[in-house]
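Let me begin by presenting the structure, written as structure tokens, before commenting on it.
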There are 2 protein chains.
Amino acid sequence: MGDGGLQARTEGDADRLDAVFAALSHRSRRDLVVYLAARTDSPRMSQVAADRGVSPQLLNKHTAALEKAGLVRRVGDGRERRLVLDTMALIEAQQWIVRAREYWTARLDALDSYISTMEDDHDA
Amino acid sequence: MGDGGLQARTEGDADRLDAVFAALSHRSRRDLVVYLAARTDSPRMSQVAADRGVSPQLLNKHTAALEKAGLVRRVGDGRERRLVLDTMALIEAQQWIVRAREYWTARLDALDSYISTMEDDHDA
DNA sequence: CATCGAGTAAACCATATGGTTTATTATTCG
DNA sequence: CGAATAATAAACCATATGGTTTACTCGATG
């Protein structure tokens, strides 16, 4: 392949990355991820809504966005449901960025050696 | 602070992250970043449009989104302008993710030791 | 069973976004 | 100068998104 795995392998992968980045493009959703990451338990929806000072309906919508991205899951089938973080998607997003930066770094290195060559030529 | 720098320091920082993640939430813009990262030169707009099979107008719009995120800059004041990648914003996004994951990892470690404790209790 | 409460869905509105078509603004070059 | 061309702006449309208000479902509890 030779692309370091940067190209999405399937349409679904691309859609997934779309959803992950879109979910993270909103401050209150990022904050929600942090909020979840920082606790040791999985709080109930109402708990989250109260803690974050947001209406249950809006929380529901943001949760849906995070769910679509695979960043979060709702667990429990009773009347109370709990929100749990799922960082696999986060890792995927990070990997995309890392790989893009690796490309760029390689480019910088190439430029570096190019410049060195020029300087060597100049020195010579 | 104690938040590992995860909280955005200013409103502007948050807006910036919003813009970065929003820019990356679109496949063709991600591909554009990769395209730029993979070359050693800074192509002209028309070149990019041709290479990526997209209309100049649409490229302009996507470029505006990437510019707003600080991921890309246009250089040159002549009639031909070149597109250059700027990965600082990319690094910021990566750092946000890394820090969020660090939180989560800490949580996992805590859970781990909690479970160990339980097992120890059980064993005892 | 009646009700209360947690969670969700639906309707609705304002604004943002992706994309095309059309029009403008330069800037090079014959 | 005048035509061709790179780049961008504007107008416009369809759809998506964030957010509020209203309404529904369903399980627990008196």
Could you tell me whether a side-chain N or O of Arg27(A) sits under 3.5 Å from a main-chain N or O of Ala14(B), the two making a donor and an acceptor?
-> no
Does the base of dT22(D) carry an N or O that pairs as donor and acceptor with the side chain of Gln57(A) under 3.5 Å?
-> yes
Nucleotide [N], atom [atom2] - distance to [atom1] of [X] in whole Å:
X        : N       : atom1 : atom2 : value
Leu32(A) : dG19(D) : CG    : P     : 13 Å
Arg82(A) : dA6(C)  : CZ    : C1'   : 12 Å
Glu67(B) : dT8(D)  : CD    : C1'   : 11 Å
Asp77(A) : dT8(C)  : CG    : C1'   : 15 Å
Phe21(A) : dG18(C) : CZ    : P     : 15 Å
Arg79(A) : dT29(D) : CZ    : P     : 6 Å
Arg81(A) : dT25(D) : CZ    : C1'   : 13 Å
Leu59(B) : dG18(C) : CG    : C1'   : 14 Å

Whichever of Arg44(B) and Ser25(A) has the more 5' nearest nucleotide on DNA chain D, that residue is Arg44(B)
Assign each of His26(A) and Lys61(B) the nucleotide of DNA chain D bearing its closest heavy atom; nearer the 5' end lies the nucleotide of Lys61(B)
Determine, using the 4.5 Å side-chain heavy-atom cutoff (strictly less than), whether Val98(B) and Leu17(B) are members of one ILVMFWY cluster.
-> no
Report yes if at least one side-chain N or O of [X] is closer than 4.0 Å to OP1 or OP2 of [N]; otherwise report no.
X        : N       : answer
His62(B) : dG19(C) : yes
Ser55(B) : dG19(C) : no
Asn60(B) : dA7(D)  : no
Ser46(A) : dG5(C)  : no

Which heavy atom of Pro43(B) sits nearest a heavy atom of Gln47(B), and at what distance?
-> CB-CG, 3.8 Å
What are the two closest heavy atoms between Ala89(A) and Ala69(A), and how far apart are they?
-> CB-O, 3.2 Å
Among dA6(C), dG18(D), dG18(C), the one nearest any side-chain atom of Arg29(B) is dG18(C)
Of Leu58(B) and Lys68(B), the one whose closest DNA chain C nucleotide lies more 5' | Lys68(B)
Distance-only polar pair, side chains of Tyr35(B) and Arg39(B), donor-acceptor under 3.5 Å = yes
